[in-house]
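Here's the structure, in structure tokens; my notes come after.
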Amino acid sequence: MPRSLMQPEFLVQRDKERCIECKTCVRQCGFGVHEYEEARGVLVSNDSECVSCRRCVVFCPTGALQIKKNEAYRENSYWTEDRLRDLRRQAEFGGTLLTGMGCDRTYPIYFDHILLNASQVTNPPIDPLREPIETRVYIGRRPEKPVPASASGCGIPLTGMPMQVSAEVPAAVSAEMPCEMPKGAATVELGEMAKGPTTVESGEMATEMPPAVKLEIPVIFSAMSFGSISKNAILSIARAAASLGTMFNTGEGGMHRDLEPYKDHMIVQVASGRFGVDPSYLNAGRIIEIKIGQGAKPGIGGHLPGEKVGEEIALTRGIPRGSDAISPAPHHDIYSIEDLRQLIYTAKEATEYRKPVSVKIAAVHNVAAIASGAARAGADIIAVDGLRGGTGAAPKMIRDNVGLPIELAISAVDRRLRREGLREKVFLIAGGGIRCSADLAKIICLGADAAYIGTAALLALGCHLCHKCYTGNCSWGIATQNPYLTRRINPELGSQRLINLLTAWSHELKEIMGAMGINAIESLRGNRLQLRGVGLPENELRELEIKQAGEAM
Amino acid sequence: MVAHYGLVGCSTRLLCGVNSVLSRHDNQDLHYEDFEGRIRIPSGCAIAGLINRKGELTSGHTIAEMMAVMHERSNGLGAGYAGYGIYPDRSDSYAFHLILADEWIQQEVEVILSRAFSMESKEEIPVKRIGAYKQAPLVWRYFCSPRCSPWMADGETDADELLLKTTMRINRLAPRATVMSCGKNMGVFKGVGYPEEIAEFFRIDEYQGYSWIGHGRFPTNTPGWWGGAHPFSIGEIAVVHNGELSSYGANKNYLESCSYELSLQTDTEVMAYAVHYLRSQGYSWGLIAAIFAPPHWSDIDRMGDREREFYTALRRAYGGLLMNGPFSIIVAFSGGLMALNDRLKLRPLIAGTSGDFLYMASEEAAIRQVCERLDTLKPLEAGEALIGLVEEESRCHVA
Amino acid sequence: MKRVHCNLEFCVNCHLCEVYCTLAHSPYNDLVAAFKGGAHPEPARLFVEERRPASFAVQCRHCDDPYCVTSCLTGALYKEESSGRVLYLQGKCIGCGTCLVACPYGAIKRRMKPDGHFTIVKCDLCPDRTRPACVEACPNLALKYEEREQMNP
């Protein structure tokens with residue numbers, strides 16, 4: 001091959017004045033950019049290998065390094081640098097363009113065109129430091145009519161706040177107004193003014209409650225497999241989930257034995273490759289998730305190149321060492337919705353109906369109908385993954401051009417499920433592009449019960465969004481299996497960062513809810529009246545079912 | 001607490017309110033959203049209720065008097081009353097109280113009504129059309145009994161279902177036609193004005209009931225129009241409400257997926273339908289209170305196993321009907337009243353008893369106005385429900 | 001006593017502990033100055049050994065019964081009773097290197113002073129700080145300063 005026409009994407013700039021030649025950059029770069037030339041005694045940089053992961057910039061103790069974008073291409077507003085670079089690369093190498101993490105193109109970000117409401121005068125805002133604001137949700141199918149209409153006595157305090165007996169009230173004047181309930185529901189000891197606790201005389205459950213798992217904050221760590229990310233990264237996430245009272249998801253890579261202590265906070269995923277899936281795996285976690293697709297690459301299965309499949313991964317996935325772990329695009333036992341139903345019930349049978357079953361789908365054009373089908377097929381939870389959802393490896397054209405923004409997808413799914421009377425039965429998780437607590441509040445108002453975060457969690461662990469996960473050279477020790485790099489995530493520190501992040505989000509979510517005058521998350525869910533659109537055309541407002549900013553209640 | 005404020009200055013405000021509302025009723029293209037934001041004076045509302053446990057009848061004068069004391073809590077943009085036991089001679093018929101813009105819409109409404117009900121009699125509700133009320137909309141009542149309807153499956157005559165569907169069909173015509181109430185032996189009287197003016201307009205003192213609720217409105221989020229006044233009623237249930245539901249959007253979603261149509265643009269409609277829905281599920285009043293204003297998770301976590309399980313189940317199933325935001329409500333139903341405060345006690349509500357009477361009101365002054373010597377007096381706690389029922393042996397009065 | 005312990009599993013081979021050790025023992029407050037301000041930067045008192053993928057920061061273990069103190073020809077090395085630290089007197093050290101040989105961890109180094117004489121350098125646990133500079137600088141919590149049953153990591 002003659003001289004390459006490729007130009008480095010980034011330029012490393014070293015301030016010689018500040019550089020103390022400690023060689024931290026040399027040792028930290030996962031891509032071999034920096035080098036110490038013994039002969040000349042100088043540090044040099046090979047710009048063409050630089051991916052701008054900024055590991056060297058963050059670690060340089062004197063701040064001597066900067067990474068600049070290289071303006072090497074003659075771009076115009078149609079042929080942007082990105083397009084030119086990709087085209088050149090393909091002209092030289094002839095392959096599918098690969099990338100990692102989520103879509104980074106300039107599609108509209110609806111989150112940034114939605115404003116939240118707050119209370120003034122007519123409805124007092126609530127101070128989360130003084131009053132409880134509840135963010136707890138139960139993930140699983142909602143019970144239908146859990147309490148029987150007819151009661152049998154066991155005397156449960158009506159509200160946990162027994163009626164106060166006024167001191168002035170003489171016992172004789174217990175103005176008893178007896179209780180006579182239509183429809184034979186004699187359940188309340190009622191409104192006498194001076195009688196002890198008011199009670200609901202019923203503690204019997206009408207039906208057995210469908211299985212569910214308690215989340216103290218409506219944020220779940222989304223599926224990231226052992227393979228796509230390092231064991232230390234997964235351990236960080238698992239520990240954080242356990243400490244925060246939420247869940248993490250094994251992804252399709254099976255369950256590493258070190259995750260045993262965190263089983264009670266684990267969602268086990270079953271994807272089309274079925275790696276590591278057996279009854280003990282299904283029974284290990286609290287929730288089973290059937291992955292149909294993911295937002296970063298709808299219609300494409302997971303790919304793990306054989307080079308990454310070392311001893312540990314081979315053991316966990318149940319495949320030979322060094323073999324490619326290629327998940328097929330579809331589940332080869334699901335070619336239709338009735339097949340999905342069979343798999344859902346296979347999973348339920350295998351776990352004796354003790355685990356909620358989730359179906360994860362990518363947000364595609366027909367997402368609402370697919371979600372409705374999944375709900376009817378028996379899914380207790382539906383997870384919808386939007387356009388911005390991340391991945392360890394995906395064809396760039398798919399990642400950047402297929403799917404729907406999660407805001408529109410969740411709104412459509414929520415609307416469809418409501419219209420079909422299914423919404424109150426299933427639990428809806430939104431994933432793919434949740435960046436902050438305001439995004440979280442907005443997606444809940446648009447109809448989600450909880451959100452999946454993947455990219456945000458990895459950012460907390462150190463990821464700098466270089467989009468090179470597929471190379472396995474992650475300098476931050478996240479998307480790699482190289483033992484020299486994986487040690488860069490210390491689960492003790494990683495989990496603390498994740499705990500800090502979600503604790504902060506939780507505080508902020510409570511502030512947002514309190515400002516709205518809402519003290520329970522269930523009153524936020526689908527509450528689009530708390531949202532207003534700015535700078536959105538009417539059809540988009542209609543899709544999101546929100547009003548224009550300026551319109552009143 | 002609150003003295004008996006005079007009525008000085010109210011009539012001008014009343015005129016603004018009524019005139020603007022009425023004049024615009026002539027416009028066929030009227031959308032009541034148009035009123036939104038025109039008058040936005042933030043404050044609360046006044047609510048009151050009374051019940052006699054022996055089922056003995058009281059004149060509507062008493063509740064009107066209670067409401068008049070709390071004049072300052074409303075702004076003349078809506079008031080209303082519901083009386084129970086007011087039609088003892090016609091207690092087997094469903095009494096439809098209707099607000100109608102004109103005779104043309106009345107014909108339309110009668111068509112809807114007659115598809116599900118046979119009309120036994122109809123009459124204009126006797127009113128005093130004086131002053132601004134000369135232009136008040138038509139108010140009519142129809143005594144009906146249900147019959148097989150094209151909306152129902154063959155042979156099915158679930159009266160409750162018929163009432164609900166008929167009411168929702170008529171309310172679709174809002175603001176030109178709205179159903180004030182449609183229950184047996186009860187009726188709602190409401191409109192734009194101060195409570196005492198509405199009482200006078202509807203000649204409320206000429207009715208006798210064993211239980212009454214009243215409301216004076218200070219509308220903020222929704223416009224002041226006749227159909228938007230309280231009480232909101234569906235079937236035997238009537239609700240008066242002081243508050244604002246931050247959870248409106250979530251509650252609306254829940255009720256709409258239970259096939260309720262929400263057309264009246266107000267939080268209280270949600271309350272009324274939610275009560276109706278839960279009653280149709282056979283739930284007791286105590287359970288309804290526990291669903292509207294459930295204990296906090298921190299309290300639930302401290303309960304014993306069975307209780308914890310019970311409340312967890314309730315919250316999991318009915319999170320969509322949790323009423324968030326400040327409210328005090330009085331729900332009236334056949335044979336009883338339920339008062340309930342929000343989970344944080346953000347709105348006033350106090351109850352007192354005297355002999356066979358149970359009174360509830362936003363302010364103590366309203367109770368003291370009609371009953372100086374009380375046996376007991378108690379403000380409701382956060383999330384606390386108070387249920388007053390007519391004694392079983394006195395139910396014959398009620399029926 | 002509290003010692004610096006290195007976790008082999010999480011040492012990322014960045015050598016920032018060395019860099020900040022130098023700063024802590026230099027007369028300057030600025031890193032660039034500490035390395036470039038004078039003719040000879042202060043040497044680090046600990047050093048990272050690597051055999052990839054693993055790396056490990058080695059520094060004086062401040063042994064309970066230190067061989068280096070026993071072996072010292074001039075009595076320069078001593079164990080401070082109050083703190084447990086193993087220290088040495090600059091004036092007495094002749095830079096003979098006996099302690100280097102005696103130390104089972106290889107935690108002592110020798111260097112030439114500006115006057116041409118030799119002396120040793122070793123960890124002093126940063127007596128002026130609440131936590132040693134290396135521990136504070138470690139980006140991955142691989143270095144910890146704490147009391148443990150076992151003296152070695």
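What you are looking at is a predicted structure, and each value in this text was computed from that prediction instead of being measured.
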| note | So, the part of Ile489(A) with a heavy atom under 4.5 Å from chain C: the answer is backbone
| said: Does atom NZ (Lys69(A)) have a neighbourhood of more than 12 heavy atoms from anything else shown, all under 6.0 Å? | reply: yes
| said: Please report the interatomic distance CG(Leu16(C)) to CZ(Arg27(A)), rounded to the nearest 0.5 Å. | reply: 9.0 Å
| note | In terms of heavy-atom contacts, Asn232(A) and Phe10(C) come closest through ND2-CE2, 3.6 Å
| note | Here the gap from Glu21(A) atom CD to Lys36(C) atom NZ, rounded to the nearest 0.5 Å, amounts to 6.5 Å
| task | Would you indicate whether Glu17(A), at its atom CD, is surrounded by more than 12 heavy atoms from other residues, nucleotides or ligands within a distance under 6.0 Å? | result | no
| said: Within the 4.5 Å heavy-atom criterion, are Val12(C) and Arg55(A) side-chain neighbours or not? | reply: yes
| query | Checking Glu50(C) against chain A: side chain, backbone, both or neither under 4.5 Å from a heavy atom? | reply | side chain
| said: Rounded at 0.5 Å granularity, tell me how far CG in Leu8(C) sits from CZ in Arg487(A). | reply: 6.0 Å
| said: Using a 6.0 Å cut-off, check whether atom CZ of Arg52(C) has over 12 heavy atoms from anything other than its own residue. | reply: yes
| message | Can you give me the closest heavy-atom contact between Pro483(A) and Pro53(C), atom names plus distance? | response | C-CB, 3.6 Å
| remark: Here the pair of heavy atoms bringing Thr24(A) nearest to Cys14(C) is OG1-O, 2.8 Å
| task | Look up atom NZ in Lys23(A) and atom CG in Asn13(C), then write down how far apart they are to the nearest 0.5 Å. | result | 11.5 Å
| message | Counting only heavy atoms not in Tyr67(C) (residues, nucleotides, ligands), do more than 12 fall under 6.0 Å from its OH? | response | no
| message | Counting only non-hydrogen atoms closer than 4.5 Å, can you tell me which residues of residues 115-142 of chain C sit against chain A? | response | Pro139(C), Asn140(C), Leu141(C)
